[in-house]
Amino acid sequence: MAHFHRLPGPIADIWSWQHRGACRDRDSSQFFHPDGERGASRGRRELAAKRVCEQCPVRAQCAAYALATREPYGVWGGFTEHERLQLIREGWAGELDLRGLEERLSEPSR
Ligand code: SF4
């Protein structure tokens, strides 16, 4: 017997959160680094993007999506690509507790 409950929902349902993102009408270059960007300018751009994410009504969905799909580039859900890699290395397992994720990132490296 088929396990229909395991099938993904309609595509529009999966992606509909993106229409409510606070970044929707913003320049995507605020969230994705240009070639060769490093150091302070990268830090400033990422901080500005994270401030937008802090106010976003779909931040939890965005963060979960980026972590689950191993999104390699950009700031998603308020997490930089480096922060997402750190969360994945530390065993992120699908939780949507953003405060918990942020606290894990602020802990000293083990
Ligand atoms: S959390 Fe950030 S990157 Fe994600 S939709 Fe909202 S503003 Fe955009």
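Quick note: numbers below take in every heavy atom, side chains included, and nothing from hydrogens, waters or symmetry partners. Ligands are counted one by one from 1 in listed order, and the atoms in each one are counted from 1 as well.
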Which distance, rounded to the nearest 0.5 Å, do you find between the CG of L85 and the OG1 of T80?
-> 8.5 Å
Measuring from K50:NZ to R59:CZ, what's the distance to the nearest 0.5 Å?
-> 8.0 Å
Heavy atoms, side chains only, cut-off 4.5 Å: are Q86 and F79 in contact?
-> no
Backbone or side chain, does C23 get an N/O/S atom under 2.8 Å to atom 8 (Fe) of ligand 1?
-> yes
Quick note on ligand 1: atoms under 4.0 Å from a heavy atom of G21 include exactly 5 (S)
Starting from atom 6 (Fe) of ligand 1, which protein heavy atom do you reach first, and at what distance in Å?
-> C56 SG, 2.3 Å
Give the ring-plane orientation class for Y65 versus W17, where under 30° counts as parallel, over 60° as perpendicular and anything between as tilted.
-> tilted
For atom 4 (Fe) of ligand 1, what's the nearest protein heavy atom and its distance?
-> C62 SG, 2.3 Å
Within a distance under 4.0 Å of any heavy atom of V75, pick out the atoms of ligand 1 and give their elements.
-> 3 (S)
Give a yes or no answer on whether the side chain of R84 reaches the backbone of G74 with a donor-acceptor pair at less than 3.5 Å.
-> yes
Identify the protein heavy atom lying closest to atom 2 (Fe) of ligand 1, giving its residue, its atom name and the separation to 0.1 Å.
-> C53 SG, 2.3 Å
